[in-house]
Protein chains: 2
Amino acid sequence: MAKSLKRDEIIRVALELIAEHGFHGTSMAMVAEEAKVGAGTIYRYFESKDALIMALFKEAEIKMQEALTVKPYEHFSIRERFFYLHTSLLRYMINNPIHFKYLEQFFNSPYGIKFRRDQFLKDKKGESHTFLKLFSEGLSQGIMKNLPLVVLFALALGPIMDMARDHILGFFKLNDDLITQSVEACWDAVKK
Amino acid sequence: MAKSLKRDEIIRVALELIAEHGFHGTSMAMVAEEAKVGAGTIYRYFESKDALIMALFKEAEIKMQEALTVKPYEHFSIRERFFYLHTSLLRYMINNPIHFKYLEQFFNSPYGIKFRRDQFLKDKKGESHTFLKLFSEGLSQGIMKNLPLVVLFALALGPIMDMARDHILGFFKLNDDLITQSVEACWDAVKK
DNA sequence: TATATCTGAGTGAACATTCATTCCGCTCCC
DNA sequence: GGGAGCGGAATGAATGTTCACTCAGATATA
């Protein structure tokens with residue numbers, strides 16, 4: 001058997017179960033049974049339930065970052081970058097509901113709050129990620145409203161996440177037109 | 001002693017503890033100890049932990065609704081209503097961080113998802129609440145973008161909630177100017 | 001055979017909930 | 001007035017369950 005088929009399977013199953021039942025609704029025994037491994041095997045690959053939860057986050061984060069990566073990105077205008085990133089993000093979320101649900105759980109938990117706090121401190125030191133870089137440039141070029149980055153972030157990404165959630169919960173159906181119009185509306189919120 | 005001092009104290013303490021430590025991080029024993037009542041006393045007033053959680057939500061919801069109520073509301077224009085409601089909501093949240101944190105927990109849990117689903121079905125039958133009535137009117141008067149109500153909702157309220165959260169977490173400091181500018185930005189997102 | 005990997009019954013801690021018992025304020029009779 | 005008796009309110013130790021995690025032994029691999 002390949003080196004870490006078991007590890008992969010544990011990750012796959014745990015993501016799915018936690019997306020569905022939450023951190024506290026998912027016991028290690030459930031993960032073990034569904035992944036068809038012994039309860040102890042999980043602990044060969046992950047030190048604790050916490051470590052597993054963090055590894056699942058890294059997994060989802062990497063996949064998401066890949067979905068936001070495009071080659072000629074550097075030649076895009078601010079507006080083009082905004083549309084590209086937001087559309088890609090929304091599309092990724094609705095095409096990967098398990099990842100979305102997992103990330104939602106994660107960010108609305110002490111794990112996620114700690115993560116955001118660490119990110120926030122890092123950003124203060126300049127190691128911004130894709131979105132913050134975009135908003136910083138938009139600000140300094142005078143294209144975006146003169147508001148704190150955190151506010152621009154909320155205006156542009158809050159609605160995207162809420163829409164992904166409502167689409168996945170079946171409250172309405174996002175299609176290509178609606179995605180375009182929604183991202184345009186987010187742009188209206190941040191543009192000067 | 002007045003009829004239900006103990007009940008009031010249990011509610012007060014439970015809201016605080018759950019806002020801080022979450023549903024699963026707050027045991028009934030913690031609530032009992034902090035409220036200085038016996039563990040069994042809680043069950044005189046609330047059938048179960050679930051029932052307590054729902055009662056706390058009702059409590060917070062009522063207080064919030066009060067904060068959004070103003071007398072001459074009916075004479076406001078759509079735009080005025082939008083600004084009034086959004087500003088009041090944001091102010092309420094940052095002035096009542098415990099309620100905000102509790103509601104955040106609640107809506108990001110199976111309780112909240114069930115609640116939203118029920119609301120959604122009720123709305124389909126026309127029993128809209130304040131915000132949905134506003135957006136419906138904005139739509140039919142052609143003032144707002146021709147998008148599904150759920151999307152308008154996300155565009156207008158998503159950022160408000162995110163900003164309240166980031167303010168309460170200390171990531172930035174909301175002041176009157178910033179509140180006004182942010183609500184204006186939300187209006188830009190939904191207005192035609 | 002020797003080493004690495006895997007297993008799942010077992011462990012102790014934590015939890016929500018119960019219930020036998022105590023407490024306390026009230027009424028009613030002497 | 002006072003004390004006996006009553007009943008709802010309050011208590012917290014006890015209960016049964018669930019959980020994350022361990023480890024002695026089984027199994028696969030080399």
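In what follows, chains carry the letters A, B, and so on, assigned in the order in which the sequence lines appear, proteins first and then strands, with residues in each chain numbered from 1.
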Write down the distance between NE2 (A:H24) and P (C:dA14), rounded to a whole number of angstrom. 15 Å

Heavy atom of residues 46-54 of chain A under 4.0 Å from DNA chain D: which residues? A:S48, A:K49

Under the side-chain hydrogen bond (donor to acceptor under 3.5 Å, both in side chains) test, residues paired with A:Y111 that sit two or more places apart: A:D50

Expressed in angstrom and rounded to an integer, what is the separation of A:R44 atom CZ from C:dT5 atom C1'? 5 Å

Measure from CZ on A:R7 to C1' on C:dT5 and round the result to the nearest Å. 16 Å

Whole-Å distance, B:I42 CD1 to D:dA9 C1', equals 15 Å

Might you point out which heavy atoms bring B:F57 and B:F107 nearest each other, and give the distance in Å? CE1-CZ, 3.9 Å

Between the protein and nucleotides 8-10 of chain C, which nitrogen or oxygen pairs are less than 3.5 angstrom apart?
{"residue": "C:dG8", "atom": "N7", "partner": "A:A39", "partner atom": "N", "Å": "3.1"}
{"residue": "C:dG8", "atom": "N7", "partner": "A:G40", "partner atom": "N", "Å": "3.3"}
{"residue": "C:dG8", "atom": "O6", "partner": "A:G40", "partner atom": "N", "Å": "3.2"}

Which of D:dC19, D:dA10, C:dT7 is nearest the side chain of A:K6? It is C:dT7

Taking only residues two or more places apart in sequence or in another chain, which ones pass salt bridge (Lys or Arg N to Asp or Glu O under 4.0 Å) with B:K63? B:E59

When the distance from CD of B:E9 to P of D:dA10 is rounded to whole Å, what number comes out? 13 Å

Check the distance between D:dA28's C1' and A:L5's CG and give it to me in whole angstrom. 15 Å

Set of side-chain hydrogen bond (donor to acceptor under 3.5 Å, both in side chains) partners for B:E61, sequence neighbours left out: none

Would you please name every residue forming a salt bridge (Lys or Arg N to Asp or Glu O under 4.0 Å) with B:R12, sequence neighbours left out? B:E9, B:E16

In whole angstroms, how far is the C1' atom of C:dA16 from the CE atom of B:M30? 14 Å

Using the salt bridge (Lys or Arg N to Asp or Glu O under 4.0 Å) criterion, which residues pair with B:R7? Sequence neighbours excluded. none

Hey, are B:D118 and B:K122 close enough for a salt bridge, meaning a charged N less than 4.0 Å from a carboxylate O? no

Is the shortest side-chain N/O distance from B:K36 to OP1 or OP2 of D:dT11 below 4.0 Å? no

Can you measure A:Y43 atom OH to C:dA4 atom C1' for me and round it to whole angstrom units? 21 Å

Strictly under 3.5 Å: I want the nitrogen or oxygen pairs between protein and nucleotides 24-27 of chain D, one per line.
none

Quiz: residues 139-157 of chain A side-chain donor-acceptor pairs under 3.5 angstrom, not counting sequence neighbours:
{"residue": "A:S140", "atom": "OG", "partner": "A:S136", "partner atom": "O", "Å": "3.3"}
{"residue": "A:S140", "atom": "OG", "partner": "A:E137", "partner atom": "O", "Å": "3.2"}
{"residue": "A:K145", "atom": "NZ", "partner": "A:D188", "partner atom": "O", "Å": "3.3"}
{"residue": "A:K145", "atom": "NZ", "partner": "A:A189", "partner atom": "O", "Å": "2.6"}
{"residue": "A:K145", "atom": "NZ", "partner": "A:K191", "partner atom": "O", "Å": "3.2"}
{"residue": "A:K145", "atom": "NZ", "partner": "B:D188", "partner atom": "OD2", "Å": "2.8"}

Under the salt bridge (Lys or Arg N to Asp or Glu O under 4.0 Å) test, residues paired with B:D166 that sit two or more places apart: A:R116

Can you list the residues that meet the side-chain hydrogen bond (donor to acceptor under 3.5 Å, both in side chains) rule with B:D162, with sequence neighbours excluded? none

What donor-acceptor contacts under 3.5 angstrom involve side-chain atoms of residues 87-94 of chain B, with partners at least two apart or in another chain?
{"residue": "B:T87", "atom": "OG1", "partner": "B:F83", "partner atom": "O", "Å": "2.6"}
{"residue": "B:S88", "atom": "OG", "partner": "B:Y84", "partner atom": "O", "Å": "2.7"}
{"residue": "B:R91", "atom": "NH1", "partner": "B:D176", "partner atom": "OD1", "Å": "3.0"}
{"residue": "B:Y92", "atom": "OH", "partner": "B:H99", "partner atom": "ND1", "Å": "2.7"}

